[in-house]
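The first residue in the sequence is number 1, and the count goes up from there. When reading the values below, keep in mind they use all heavy atoms of this one structure, side chains included, and skip hydrogens, waters and symmetry mates.
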Amino acid sequence: MNRKYSSKTIAKIGLMTAISCVLLLIIRIPFPPAPFLRYDPADVPIFVTAFAFGPIPGIIVTIVVSLIQAFALGEDGVYGFIMHVLATGSFVVVASTFYSVKKSKKRAMEGIVAGVVVMTIIMCLANMAITPLFMGIPRSAVMPMILPVVLPFNLLKAGINGAITMIIYKRISTFLHKN
């Protein structure tokens, strides 16, 4: 799809990127079973962007926010960048593709549920494959954490951010689609 974006649309996408970064800085809640995992609502503006403008702008915002988080804020470097792009990017592609087929509340909800499931599966697999490489630990040390830690964390994070997106999207989309 060869889609052109106006300067106003690009500015709105930039604004959503900035909001995501601000949320990343001000709201960080440790996940009790594994305090190194932290919930933040920074994905909500990314999900809203993807619903409003499609998967490509959603992925672009994901990459920009992930770069800022990983390198400018000193959050886990390359490892954090890869994991954030995989997690958020998988949700963005699945949920916004569902929604773009037929823009309805039902399709948005189906997209969010599918996004939560796909993100959770991707992150379980990524933790098994990537975490041992970056953390220098054996896969056997990661495997026992998948079901009690990684799976519930990703279900909760994606589920909460998806639910918030569902609640606020229509109100925000009015602004985003205004000329």
Check your understanding: So, does D40 use its side chain to make a donor-acceptor pair with the main chain of I26 at under 3.5 Å?
Key -> no
**Study point:** Partner of P45 under side-chain contact (heavy atoms from CB on, under 4.5 Å), chosen from L23, L24, I168
**Key:** L23
Exercise for review: Report yes if some heavy atom in the side chain of S173 is under 4.5 Å from a heavy atom in the side chain of K170; otherwise report no.
Suggested key: yes
Practice item. Work out which heavy atom in T88 is nearest to a heavy atom in F47; give both atom names and the distance. Key: CG2-CE2, 4.0 Å
Practice item. Please answer whether the main-chain N or O of M16 pairs with a side-chain N or O of S20 as donor and acceptor at a distance below 3.5 Å. Key: no
Review point. Would you say R107's side chain and K105's backbone share a donor-acceptor pair under 3.5 angstrom?
Key: no
Revision key, fill the gap. In terms of heavy-atom contacts, G58 and A50 come closest through CA-CB, 3.9 Å
Review point. Do any N or O atoms from the side chain of T165 and from the backbone of V48 form a donor-acceptor pair under 3.5 angstrom?
Key: no
Exercise for review: Compare every heavy atom of M145 with every heavy atom of F36, then report the nearest pair and how far apart it is.
Suggested key: CZ-CE, 3.4 Å
Review point. Closest heavy-atom contact between A87 and M123?
Key: CB-SD, 3.4 Å
Study note, to complete from the structure: Tightest non-hydrogen contact, residues F51 and K103, listed as O-NZ, 3.9 Å
**Study point:** Ring geometry between Y99 and Y169 (parallel below 30°, tilted from 30 to 60°, perpendicular above 60°)
**Key:** perpendicular
